[in-house]
Visitor: 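Before I ask anything, here is the structure I am working with.
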Amino acid sequence: MARIVMKFGGTSMAGSERIRRVAGIVKRQQEAGHEVAVVVSAMAGETDRLVNFCREANALYDPAEYDVVVASGEQVTSGLLALTLQAMGCKARSWLGWQIPVKTDDAHAKARIEDIEADAMLASMAAGEIAVIPGFQGVSPEGRVTTLGRGGSDTSAVAVAAAVKADRCDIYTDVDGVYTTDPRIVAKARKLPLVTYEEMLELASVGSKVLQTRSVSLAMKEGVRVQVLSSFIDETAPAADTLPGTMIVSDEELEGSDMERQLITGIAADKNEAKVTLTRVPDRPGAVASVFAPLADANINVDMIIQNVAKDKGETDVTFTVPQSDLARALAMLEERKEAIGYFRLISDDNVTKVSVVGVGMRSHAGVASTMFKTLADRGINILAISTSEIKVSVLINADETELAVRVLHTAYGLDAAA
Ligand code: ADP
Ligand code: ASP
Ligand code: MG
């Protein structure tokens, strides 16, 4: 017998019929002799709908009230799944964020989980009851509802798995594992049986939305075994215990496996970036700091940065990227400081995409970046900015060229599935 946390995403929970299929999967897992807890997302599209209502009500909405609204999507699906399980003869009950409780900080709309009390849940699971938990929601120190940021149900699931010391956390979604790139964009993407925590963390942080970034860092920190697999299956599909999906593993586990490694593990694209250029910034100590310090103070995350020395001595152009959602704020802030910084023009472009290649193999092999640049150049794709880390190379390109870039890179690194 094992203790398993199962998480079902929005597409898996969209409508009564799909919830019945989910209940069937949960019931089979329990019948296999396991103790189970289930974490659910709101129905697909529901959170977007609720966010829009908040915007319509008040463009400068209070994040605490936003949380009250958007947390409701998961409340509905957790109750519906408990009802459906009961209709199938299972013992099941829902546990809302404040009931468990899932204690978070008070950063509304992007709260962090601080602690989960597992005793009551454990007792009910031991008594054969299926615990159904709405993902995405928690409770602040003041006792108000919080949410964990978009895609946060993955993090709820991993946190519950850590709290109940689960043997595995199965993340059920609408694809059957983690692929070399988004299989909905590149038909030749290949499913990976294993990915390391570090690679998954990097892939998630550069735009592979299959797992929320925080869920991966939490799994890595707590040593939670995570599997990504499909909920769009029938009774004839191999059981989750046979690990049909993708397992997220440690470096040691990967080395111990006989999986053949490519230099590059995966490719991701992130369309949520915007590019900002300041021309003719004075080339003197402190000038660049005067650009970035106010952005940092305003909690605006700057990602890629390039600085070109202009032809005229004593001036440079500074280009960087920020999340699209922060662009308006960043521009207003820089506009305000035009005199103080001393730049000439402020130019922005949000029709850009960051494309990244990720792989631990990069540590020991040169040439990954040059292959990337040459492959894109051969297709006439212009690179607007570059950044690298130990296991990743990212380039910024025009958004219209995203699919082409991902496809040609996928082929260039030998990732295409056999036809
Ligand atoms: P859920 O609602 O279950 O949380 P998400 O939409 O958040 O599902 O994540 C699943 C989606 O992630 C897939 O439908 C796929 O389009 C996308 N995706 C992006 N990159 C990858 C990848 N490398 N492997 C698998 N899926 C990916
Ligand atoms: N429903 C939330 C969202 O759409 C959380 C999640 O699905 O993970 O962001
Ligand atoms: Mg998701």
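First listed ligand is number 1; within each ligand, the first listed atom is number 1. Along the sequence shown, residues are numbered consecutively beginning with 1. Every value quoted in this text rests on a predicted model; they were computed, and no experiment measured them.
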Visitor: Please write down residue, atom name and distance for the protein heavy atom closest to atom 7 (O) of ligand 2.
Guide: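 Ranking protein heavy atoms by distance from atom 7 (O) of ligand 2, first comes S41 OG, 3.0 Å.
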Visitor: Report the residues that fulfil side chain to side chain donor-acceptor pair (under 3.5 Å) with S124, sequence neighbours left out, ordered by chain and then residue number.
Guide: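 Once residues adjacent in sequence are excluded, the partners of S124 under the side chain to side chain donor-acceptor pair (under 3.5 Å) criterion are E129.
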Visitor: Check if G151 has a non-hydrogen atom at a distance under 4.0 Å from any atom of ligand 2.
Guide: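 It does, in that a heavy atom of G151 comes within the 4.0 Å cut-off of ligand 2.
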Visitor: I'd like a table of the close N/O pairs between ligand 1 and the protein (anything under 3.5 Å), one pair per line with both atom names and the distance.
Guide:
from     : atom 1 : to   : atom 2 : distance (Å)
ligand 1 : 2 (O)  : G10  : N      : 3.1
ligand 1 : 3 (O)  : T173 : OG1    : 2.7
ligand 1 : 4 (O)  : K7   : NZ     : 3.2
ligand 1 : 6 (O)  : K209 : NZ     : 3.1
ligand 1 : 8 (O)  : T173 : OG1    : 3.1
ligand 1 : 14 (O) : D174 : OD1    : 2.8
ligand 1 : 14 (O) : D174 : OD2    : 3.4
ligand 1 : 14 (O) : R184 : NE     : 2.8
ligand 1 : 14 (O) : R184 : NH2    : 3.4
ligand 1 : 16 (O) : D182 : OD1    : 2.9
ligand 1 : 16 (O) : D182 : OD2    : 3.2
ligand 1 : 16 (O) : R184 : NE     : 3.3
ligand 1 : 23 (N) : Y179 : O      : 2.9
ligand 1 : 24 (N) : Y179 : N      : 2.9

Visitor: Side chains of D400 and N351: do they bring a donor and an acceptor to under 3.5 Å?
Guide: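 Yes, side-chain donor-acceptor contact under 3.5 Å.
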Visitor: Do any heavy atoms of G152 fall under 4.0 Å from ligand 2?
Guide: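 So G152 counts as touching ligand 2.
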Visitor: What atoms of ligand 2 come within less than 4.0 Å of a heavy atom belonging to R150?
Guide: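 Counting from 1, the qualifying ligand atoms are 3 (C), 4 (O), 9 (O).
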Visitor: Of I300, D326, N301, which meets side-chain contact (heavy atoms from CB on, under 4.5 Å) against L295?
Guide: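 Exactly one pass, corresponding to I300.
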Visitor: For ligand 2, which atoms, with element, lie under 4.0 Å from some heavy atom of E74?
Guide: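 Reading through ligand 2 atom by atom, the close ones are 1 (N), 2 (C), 5 (C).
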Visitor: Ignoring hydrogens and angles, state whether a donor on the side chain of Q227 or D170 is under 3.5 Å from an acceptor on the partner side chain.
Guide: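 Short answer, yes.
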Visitor: Is the closest side-chain donor-acceptor distance between S215 and T155 under 3.5 Å?
Guide: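 The criterion, which ignores hydrogens and geometry beyond distance, is not satisfied for T155 and S215.
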Visitor: For residues 149-160, which residue pairs qualify under salt bridge (charged side-chain N to carboxylate O under 4.0 Å, His left out), counting only residues two or more places apart or in two chains?
Guide: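 Listed once each, the pairs are K7-D154, D48-R150.
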Visitor: Please determine if D234 and R21 form a salt bridge, counting it only when a charged side-chain N lies under 4.0 Å from a carboxylate O.
Guide: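 Salt bridge flag = no for R21 with D234.
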Visitor: Identify the protein heavy atom lying closest to atom 6 (C) of ligand 2, giving its residue, its atom name and the separation to 0.1 Å.
Guide: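 Its nearest protein heavy-atom neighbour is S153 OG, 3.3 Å.
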Visitor: Would you call the rings of Y66 and Y61 parallel, tilted or perpendicular, taking 30° and 60° as the class edges?
Guide: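 It falls in the parallel class, under 30°.
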Visitor: Tell me which pairs pass side chain to side chain donor-acceptor pair (under 3.5 Å) where either residue lies in residues 86-112, with sequence neighbours left out.
Guide: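 Passing the test, one end in residues 86-112: D67-H108, K103-E117, T104-T146.
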